[in-house]
Each structure stands twice: as C-alpha cells, then as structure tokens.
Trainee: 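Handing you a structure now.
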Amino acid sequence: MERKRNKDTLYEVLSLESELERERKKTTASPNILQSASQGSMVPSPPEDDEEEDNDEPLLSGSGDVSKECAEKTLETWGDLLSKWHLNLSVRPKQLPALVRSGVPEALRGEVWQLLAGCHNNDHQVEEYRTLITKESPQDSAITRDINRTFPAHDYFKDTGGDGQDSLYKICKAYSVYDEEIGYCQGQSFLAAVLLLHMPEEQAFSVLVKIMFDYGLRDLFKQNFEDLHCKFFQLERLMQEYIPDLYNHFLNVGLEAHMYASQWFLTLFTAKFPLYMVFHIIDLLLCEGISVIFNVALALLKTSREDLLATDFEGALKFFRVPVPKRYRSEENAKKLMELACSMKISQKKLKKYEKEYHSMREQQEQQEAPIERYERENRRLQEANMRLEQENDDLAHELVSSKIALRKDLDNAEEKADTLNKELLMTKQKLVDSEDEKRRLEEESAQLKEMCRRELGKSESEIKNNGSIIGEYKQICSQLSERLEKQQTANKGEVEKIRLKVEGCEKCSVLFNKEGRLKAVKKMEGSEEETDEEKEGLKNQLREMELELAQTKLQLVEAECKIQDLEHTLGLALNEVQAAKKTWFNRTLTSIKTVTGAQGKETT
C-alpha cells in the first residue's frame, strides 16, 4: 500500500508543530526506553541550520558537498584493483585495506561498497525487495514521520514527495517488513539515505540488510539495547586508557557515554556529521567492521579534548551537539580526523576483554542488587534517556519547523520570481508585436526606397546616355575642326612656299627678302635699277594680305582650341552631375533610414 502524502499542509507550520507535539506525547519512550520493532529505536534526527560554528543552531543533516574529482593515478590504481577483484570476488585484494583507509573515490563508491558488503550476487534479494514494498508495514506512520527529517539539507531528499523521499520510504518500509524482530528503528533512514546516494534502491536495500545482519548493527537494538550499553562501556574503558584526563573530567561532571554517543553507534555517524566524513566512515565500516566506530569516536574525543575539559555537563552536551559536527565541514579537518582514527590501533582482543568486563559487572550488579533497587536504577536510567529523547524530539520539531519556514520562504521567492518573469514575458511579447509592426513598416519603406532608387537610377542612366551622345558630338566637332585646321595650315604652308619660290625666282624680290621670307636691308649699288614706287607698293599690299590671312588662320586655331576646352569642361560638368546624382540618391536613402531609426528609438524610450 502506497503511503499518503498531504502536500496541502506542507507549510502549515503552526498546525504541524502541534501535531508533532501530540505525536510526541503518544510515542514518548515508556519505562522500556529501548523498545523493539513495534516502537522503533530512540535515535533522533539531526537539527537544522548550516550557520557559523559559533551559533547555537546544529548542523543540518545531509550537509556538505562531496566532489567526484579524483587524481588520475588514484583512479588507475583502483581500476587495476577492481579488475583483479572481479576475477575472484570471494577473496579481497591485499592492498584493499590500505586504499580504503585513504578513502574510496566518490565515483567508485557504489560499486566498491556492494563488493565490500558481498552484494555482488543478490538477484534473489532484489526480487524479494520488490515483493516487500508491496506489503503493509505496522510502522508506516513512524517511517513517514522520519523521512521528512532525513537529510533535509540535500537536494535529493529535501522535497516532500520527491524521488529521494519516495525511494527512502520504500527501503525503510521494506526492511521493517523483512526484519520482523527489529523492524524499523529510528535512525535507519540516515544510513539508507547514504546508500541511496550511491546506488539504486534495490542494491541499497541489499547493502542495508548486510550491514544490519552481517556487521552486527541490528544487535545494538536487541535485548533492551544491551549490546549498545556494552559499546558504551567499551568506549569509556578506551577513554580511560587513551584519554584519562577527559575520562576523569566526564566522571566529575556526571557525563556518561550514552548521553552523547548513542547516535554515533546507532546511525554510524550519519545523522549529524557532514557527508564527506560520513562516506569515509562507511568506507572503513564495510572494510574493517563496526569496530571502526570506536576509532572515530576516540579520534573525535581526542581532537576536542581541550574544549571539552573546559565545559560543564550542559556545556559538554551542547558542544557535542553543535560545534563538533560543524568543525568537520572543512574537508581538511575531516581528513585529519580520519587519518587520526586510522592510526589508532584498537585490537579486537582488547574489545573482547572489555566486553567480558561489562558482562561480569552486569552479573555482579544483578546478584548484589535487590530486584526493587535494580528496577529503580533501571527506571532512573530510562527516565534520563527519556528526558534526553524529549529534548532531542524538541530539537527535531524545531528543525522541521525551521525547514518548513525556509521552504515557505523559498516558495514565496519562487512565486515572486515567477510573477516577475511573467511580467517580463508579457513585456517581451508586446515588444515583439511592436517589433513586427516596425519590421513591416520598414519593409514598406524599404520597398519605396527601392522603387525610388530604381527611378533615380533610370534617370541617371538616361542622363548618362544623353551626356554620352553630347560628348560624342563634341568629339566629332572637335575632330572636324582639327581636320579643317590641319588642312588650312597645310594650304597656308603651300601658299607661303609658292610665294617664297616666286620671291626667290624674282631677282628684285630676292634682294629684298632673306631665306626665312623676312625683309632685309639692301644697299643700293651703283648702276642698279631703281625700283618704282608702284612695285614696292604692290609688294607691300601683297605682304599685308598674306599677314592678314595668317592672322585669321591663327585666330581660327585659337577658336578651335577654345571650343575643345569648352567641350572638355562641359564633359567634366556632365560627369560631375552623374556622380552627384548618384551620391544624392545614396545620401537621401541613408538619411531616410537614420530618420526612421532615430524616431523608433525615441518611441521606445
């Protein structure tokens, strides 16, 4: 049966808070503080807010980014190891533990975790999972309540009814049906969420089953959580050996391990700490077993020793709840912590020894104490745990309310942004319509300009033709005048030559003219014949006529040259008019376009 989701009340903060309060009163732990399947375990979810380290808000679970980038050499090393491992999956490669201590590359974690857990051949469990999710779970309400509190800082799980929450719900529901003795325990959702971030839900369910059964995590929830209290005793004995001053300080202020370390063991550090550190812890857990939780716990206590020694009871609890998880948001700090944890040698023999001490102590207590005293002591312990659970439940309620308020703000911002975008869309559409109208207007003007250009071009071509014909006529006239001038000059030369020959043939004239035809001074010789005045006068008249004719010929030549110059000037003017006509049309076109563009810009403004 699919779970029901009420999306309409997602942001009803006041009613949600009162509903949680009523639910808390119904499900508050009874004198059996650590009940089994029907009530689930006591693990609280983490509070909210990834603020600065010095404020009072706890770190929101699911915080921190984990990069998939990895050095090429590291990937090659892991690639070679996986290739060898796949040849014989029943035997782990010798170099595997050393590589895991440095951290499994994020891109390979899904595959490596399944191989470490022994889930490489789990087809039967995949089919079983698909059957289990169709069955009803008696703890459906507890599962649904915890899903919203799991990794609210992670994008995959923060949306109510999203794919992440839906897959997480199915896994928790399937396990509650699969393990009837333990069922769903509060806090399992964090471990399941970590697995879901690296593999499909069917494979995540298989790895979860392996961790619960083969790695002994489910034993912590059995027999009134007796094995969990044994873990607390072992942790305190390790503190007594490795950090004796801090152990004595906790004794003095009355701080016991179950008051701060319950989530460390029950959720494997997945509920409170940044994901980079959480993933590395799961690497070590699947490779070396649940005992690595002691290494990490001791490393945490050792690195926080100075701060914890300066606190009282309340201050220590607050320090574990707020500053400690925030300190490891830094990847560098988380790496140093994990290096310290891996360097601490805690032998299984020592843990077995402390386990025997615990059981011996329990037997002695049972033998020495009267039943009433034992029940009173157990009742006091359960009441303390109950008070702690109520405080943690209040923290969860605060976290959930803060988360819903933040979601409400996000939704309001999204709605405002949507309204803004809608307005911008309408304005853009209007601008598009205006642009299309302007485009049509410009196309019409362009067509008119083209028509005008065609007309102007036709006029220019006709003017060019007319000017060409005029120039041709001028050239023809010039050539005719040049021919006439040449003929006249030739005729004049012939006449001059005839006259010169006549002058040279005349004895009288040859004395008066030189070879160039000019007059020369002639001495009167004795015995020469006297020239008559009439002959002289006749020669003078003839000379004047020849000079006059020569002057007329020169004048005609000058007039012809003037006409040629006029024709060349007229031709230049015609060419200039053609060029001016072309430029005038082009300038008018540019001016029209600029005018239209300027008017459009003013209208838009």
Side-chain angles (χ1 to χ4, degrees), residues 64-122 191 194-200 203-204 206-217 238 242 268-270 273-300 302-303 328 330-352:
D65 296 325
V66 182
S67 174
K68 290 189 176 182
E69 295 182 1
C70 183
E72 185 176 353
K73 186 176 180 180
T74 302
L75 287 176
E76 289 178 358
T77 303
W78 274 98
D80 295 339
L81 181 139
L82 290 174
S83 299
K84 295 177 182 178
W85 197 356
H86 279 290
L87 297 177
N88 186 3
L89 293 174
S90 60
V91 179
R92 290 183 177 181
K94 292 182 180 180
Q95 65 270 37
L96 180 63
L99 289 176
V100 171
R101 290 190 187 100
S102 299
V104 180
E106 177 64 14
L108 301 177
R109 275 198 168 108
E111 179 183 0
V112 173
W113 285 1
Q114 293 181 61
L115 293 175
L116 287 170
C119 297
H120 47 276
N121 187 16
N122 61 342
L191 179 57
V194 169
L195 299 175
L196 267 177
L197 291 175
H198 295 89
M199 60 195 77
Q203 284 72 29
S206 299
V207 176
L208 177 63
V209 170
K210 287 285 186 180
I211 293 175
M212 293 296 292
F213 281 84
D214 296 355
Y215 288 81
L217 185 60
L238 290 169
Y242 289 94
L268 307 178
F269 289 93
T270 58
F273 290 85
L275 293 181
Y276 178 86
M277 176 178 165
V278 168
F279 294 166
H280 199 165
I281 292 173
I282 300 301
D283 294 341
L284 296 171
L285 171 83
L286 292 172
C287 183
E288 301 180 13
I290 201 170
S291 62
V292 299
I293 303 302
F294 291 110
N295 295 65
V296 180
L298 278 179
L300 271 175
K302 199 167 184 179
T303 54
Y328 300 104
S330 167
E331 188 173 319
E332 182 180 357
N333 289 344
K335 282 183 178 180
K336 291 179 179 178
L337 176 71
M338 297 310 297
E339 288 174 0
L340 178 61
C342 292
S343 66
M344 302 182 74
K345 305 299 181 183
I346 303 175
S347 64
Q348 293 296 323
K349 183 178 180 181
K350 185 178 294 186
L351 293 176
K352 287 290 183 183

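Keep in mind that what you see is a predicted model, and the values were worked out from it rather than measured. Values below: every heavy atom of this structure, side chains too, minus hydrogens, waters and symmetry copies.
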Trainee: Using salt bridge (charged side-chain N to carboxylate O under 4.0 Å, His left out) as the criterion, list what pairs up with Glu76, not counting sequence neighbours.
Mentor: none
Trainee: State, with a plain yes or no, whether a side-chain heavy atom of Val112 is found less than 4.5 Å away from one of Leu82.
Mentor: yes
Trainee: Are Leu298 and Ile346 close enough that some pair of their side-chain heavy atoms sits under 4.5 Å apart?
Mentor: yes
Trainee: Any non-hydrogen side-chain atom of Leu284 less than 4.5 Å from a side-chain atom of Met338?
Mentor: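 Side-chain contact under 4.5 Å: yes.
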Trainee: Using side chain to side chain contact (heavy atoms under 4.5 Å, CB included), reason through Ile290 and Ile211 one step at a time and then give a plain yes or no.
Mentor: CA-CA 9 Å; Ile290 201 170; Ile211 293 175; over 6 Å; no
Trainee: Would you give the length of the straight line joining atom CD of Glu331 to atom OG of Ser67, rounded to the nearest 0.5 angstrom?
Mentor: 7.5 Å
Trainee: Between Glu288 and Val100, is any pair of side-chain heavy atoms under 4.5 Å apart?
Mentor: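 Sidechains of Val100 and Glu288: no contact.
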Trainee: Roughly how far, to the nearest 0.5 Å, is CG of Leu286 from CG of Leu195?
Mentor: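 Those atoms lie 8.0 Å apart.
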Trainee: Who pairs with Lys210 by salt bridge (charged side-chain N to carboxylate O under 4.0 Å, His left out), at least two apart in sequence or on another chain?
Mentor: Asp214
Trainee: Could I get the full list of salt bridge (charged side-chain N to carboxylate O under 4.0 Å, His left out) partners for Lys350, not counting sequence neighbours?
Mentor: Glu241
Trainee: What is the distance from atom CG of Leu268 to atom CD1 of Ile281, rounded to the nearest 0.5 Å?
Mentor: 8.5 Å
Trainee: For Glu72, check side-chain hydrogen bond (donor to acceptor under 3.5 Å, both in side chains) against everything at least two apart and list the hits.
Mentor: none
Trainee: Parallel, tilted or perpendicular: which describes the rings of Phe273 and Tyr328, with under 30° parallel and over 60° perpendicular?
Mentor: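 Phe273 and Tyr328: tilted rings.
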Trainee: Looking only at non-hydrogen atoms, find the nearest pair between Arg92 and Leu116 and report the distance.
Mentor: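 Of all heavy-atom pairs spanning Arg92 and Leu116, the closest is NH2-O, 2.9 Å.
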Trainee: Just verifying a value: how many Å separate Leu275 CG and Glu106 CD, rounded to the nearest 0.5 Å?
Mentor: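 If I round to the nearest 0.5 Å, the distance is 9.0 Å.
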Trainee: Can you measure from NE2 (His198) to CD (Gln114) and round to the nearest 0.5 angstrom?
Mentor: 11.5 Å
Trainee: side-chain hydrogen bond (donor to acceptor under 3.5 Å, both in side chains) with Ser90: which residues, sequence neighbours excluded?
Mentor: Asn88
Trainee: Can you tell if the side chain of His86 reaches within under 4.5 Å of the side chain of Glu111, non-hydrogen atoms only?
Mentor: yes
Trainee: Under 3.5 Å, side chain of Thr74 to main-chain N/O of Cys70, donor-acceptor pair present?
Mentor: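 Answer holds: no.
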Trainee: Where the side chain of Tyr276 meets the backbone of Asp65, is there a donor-acceptor pair that is under 3.5 Å apart?
Mentor: no
Trainee: Give me the atom names and distance for the closest heavy-atom approach of Tyr215 to Gly289.
Mentor: CD2-CA, 4.0 Å
Trainee: Between Asn122 and Cys119, is there a side-chain heavy-atom distance shorter than 4.5 Å?
Mentor: yes
Trainee: Side chain to side chain contact (heavy atoms under 4.5 Å, CB included) between Ser102 and Leu99: does it pass, once the steps are laid out?
Mentor: CA-CA 5 Å; Ser102 299; Leu99 289 176; 6.0 Å; no
Trainee: If every non-hydrogen atom of Met277 is compared with every non-hydrogen atom of Ala334, which pair is closest and at what distance?
Mentor: CB-CB, 4.3 Å
Trainee: Write down the atom of Gln348, the atom of Ser291, and the distance for their closest heavy-atom approach.
Mentor: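 Looking at all heavy atoms of both residues, the shortest contact is NE2-OG, 3.0 Å.
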Trainee: Does any part of the side chain of Leu208, heavy atoms only, come nearer than 4.5 Å to the side chain of Met212, both counted from C-beta?
Mentor: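 Counting from C-beta outward, Met212 and Leu208 do come under 4.5 Å.
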Trainee: When you check the gap from the basic side-chain N to the acidic O, do Glu339 and Arg101 get nearer than 4.0 Å?
Mentor: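 Arg101 and Glu339: not salt-bridged.
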Trainee: Evaluate Val194 against Phe269 for side chain to side chain contact (heavy atoms under 4.5 Å, CB included), listing each step before the verdict.
Mentor: CA-CA 11 Å; Val194 169; Phe269 289 93; over 6 Å; no
Trainee: Would you check, one step at a time, whether the test side chain to side chain contact (heavy atoms under 4.5 Å, CB included) holds for Leu191 with Leu217?
Mentor: CA-CA 11 Å; Leu191 179 57; Leu217 185 60; 3.8 Å; yes
Trainee: What pairs with Asp283 under side-chain hydrogen bond (donor to acceptor under 3.5 Å, both in side chains), at least two apart in sequence or on another chain?
Mentor: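 Expected list: Arg109, Trp113.
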Trainee: Return the minimal non-hydrogen interatomic distance between Gly103 and His280, and the atom names on each side.
Mentor: N-NE2, 3.4 Å
Trainee: Can you tell me how far the OG1 atom of Thr270 sits from the CZ atom of Phe279, to the nearest 0.5 Å?
Mentor: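 Reported value, rounded in 0.5 Å steps: 10.0 Å.
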